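Accompanying notes for the structure given below.
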Amino acid sequence: HGWETEGKQAWSEYFGKYSTLNLGFSGDRTEHVIWRLRNGEVDGLSPRRVVLLIGVNNGGHRRDKPEDTAAGIEVILNELRTRLPDAKILLLAILPTGKRPDDPLRLLNEQVNRMIARYADKDRIVFCDIGKAFLDENGVLSNSIMPDFLHPNDRGYRIFAEALKACMDR
């Protein structure tokens, strides 16, 4: 959702030439995306590519078990493959959260990331982990990139856009 506010300029610079539709919503969890997909959100669309980043709020809001979050992401992928059969799906790892590498939420999300990486099939689903782009050499997340250690600011969205573009160009 932040691409429409903090990340608006970075989006325009990196992706403005593309016809895009942002279906991200602040606070989204996997079950919200599943419901929207099953209730018409992508009906009538035929994108070439879908970028999926979901799951941080499953851990952050409720501390869902990693396997539950990963299972929700798998359902989303299955829904997307069914509803958008010609789209290539770029599945992004959950971005790092918390300042330090031992932050409990970051560790939880890393577990989810290891699980969802297995969903990549190198054909229709490509997994990309851009998390390291946000971290220093010690794995520390700076509040100059994500002031609350969760939501990127303008600088963070520029890092995000550059890393995302590199994944898309593969």
Side-chain angles (χ1 to χ4, degrees), residues 1-8 10-62 64-97 108-134 150-152 156-170:
H1 209 180
W3 288 111
E4 297 171 1
T5 54
E6 292 287 332
K8 189 172 187 170
W11 185 269
S12 176
E13 289 174 24
Y14 283 84
F15 307 109
K17 67 181 180 181
Y18 302 105
S19 175
T20 61
L21 174 63
N22 181 358
L23 298 175
F25 294 94
S26 181
D28 245 354
R29 294 191 304 266
T30 55
E31 64 268 23
H32 302 140
V33 176
I34 293 166
W35 186 91
R36 289 197 311 271
L37 289 171
R38 289 179 175 170
N39 287 277
E41 183 162 61
V42 297
D43 290 359
L45 301 178
S46 56
R48 288 183 295 213
R49 184 170 304 198
V50 171
V51 177
L52 178 63
L53 173 59
I54 189 69
V56 71
N57 293 321
N58 288 75
H61 288 175
R62 297 185 304 229
D64 287 357
K65 292 186 274 182
E67 45 279 338
D68 292 342
T69 301
I73 293 170
E74 185 174 30
V75 171
I76 292 168
L77 291 169
N78 289 334
E79 290 290 332
L80 289 170
R81 281 191 295 219
T82 298
R83 295 170 191 290
L84 304 172
D86 298 324
K88 185 173 187 175
I89 301 167
L90 177 58
L91 173 60
L92 296 180
I94 299 171
L95 301 179
T97 54
L108 182 119
N109 289 333
E110 287 173 357
Q111 291 178 53
V112 175
N113 288 339
R114 285 191 293 276
M115 292 175 192
I116 67 173
R118 295 188 304 246
Y119 301 153
D121 62 12
K122 306 284 191 243
D123 180 39
R124 293 224 21 236
I125 300 173
V126 175
F127 179 76
C128 189
D129 186 347
I130 63 172
K132 286 185 174 49
F134 296 93
L150 177 64
H151 299 96
Y157 272 105
R158 289 182 180 285
I159 292 167
F160 194 163
E162 190 166 311
L164 177 57
K165 180 93 171 76
C167 285
M168 293 174 73
D169 289 343
R170 288 187 197 174

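Being a predicted model, the structure only gives us computed values, none of them experimental. Basis for what follows: all heavy atoms, side chains included, without hydrogens, waters or symmetry-related copies. FYI, the numbering just counts along the sequence from 1.
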Greater than 12 external heavy atoms within 6.0 Å of Glu31's CD
yes
State the [atom1]-[atom2] distance between [X] and [Y], to the nearest 0.5 angstrom.
X: Ile34; Y: Glu74; atom1: CD1; atom2: CD; answer: 10.5 Å
X: Ile76; Y: Arg38; atom1: CD1; atom2: CZ; answer: 9.5 Å
X: Leu164; Y: Ile159; atom1: CG; atom2: CD1; answer: 13.5 Å
X: Thr5; Y: Trp3; atom1: OG1; atom2: CH2; answer: 10.5 Å
X: Asn58; Y: Leu108; atom1: CG; atom2: CG; answer: 9.5 Å

Could you please spell out the steps behind the side chain to side chain contact (heavy atoms under 4.5 Å, CB included) verdict for Leu80 and Ile125?
CA-CA 10 Å; Leu80 289 170; Ile125 300 173; over 6 Å; no
Start with the C-alpha gap between Tyr157 and Lys8, add the side-chain angles, then the distance that decides, and say whether side chain to side chain contact (heavy atoms under 4.5 Å, CB included) holds.
CA-CA 8 Å; Tyr157 272 105; Lys8 189 172 187 170; over 6 Å; no
Using a 4.5 Å cut-off on heavy atoms from C-beta on, say whether the side chain of [Y] contacts that of [X].
X: Glu6; Y: His151; value: no
X: Thr20; Y: Trp11; value: yes
X: Glu13; Y: Arg158; value: yes
X: Cys167; Y: Ile130; value: yes
X: Thr30; Y: Asp64; value: no
X: Phe15; Y: Met168; value: yes
X: Thr69; Y: Ile116; value: no
X: Leu91; Y: Ile73; value: yes

If every non-hydrogen atom of Ala87 is compared with every non-hydrogen atom of Pro47, which pair is closest and at what distance?
CB-O, 3.4 Å
Ala163 and Ala133 have their tightest heavy-atom pair at CB-CB, 4.2 Å
Side chain to side chain donor-acceptor pair (under 3.5 Å) contacts in which one or both residues fall within residues 80-97, not counting sequence neighbours:
Asn78-Arg81, Glu79-Arg83
Worked check of side chain to side chain contact (heavy atoms under 4.5 Å, CB included) between Leu53 and Leu95:
CA-CA 9 Å; Leu53 173 59; Leu95 301 179; 4.2 Å; yes
Would you say [X]'s side chain and [Y]'s backbone share a donor-acceptor pair under 3.5 angstrom?
X: Asn109; Y: Val56; value: no
X: Asn113; Y: Ile94; value: yes
X: Asn39; Y: Trp35; value: yes
X: Asn57; Y: His61; value: no

When the ring planes of Phe134 and Phe160 are compared, do they come out parallel, tilted or perpendicular, using 30° and 60° as the limits?
perpendicular
Given the rule in the side chain to side chain contact (heavy atoms under 4.5 Å, CB included) test, do Arg36 and Phe25 qualify, once you have shown the distances and angles that lead to the verdict?
CA-CA 11 Å; Arg36 289 197 311 271; Phe25 294 94; 3.3 Å; yes
Got a salt bridge between Arg62 and Asp68, using NZ or NE/NH1/NH2 to carboxylate O under 4.0 Å?
no
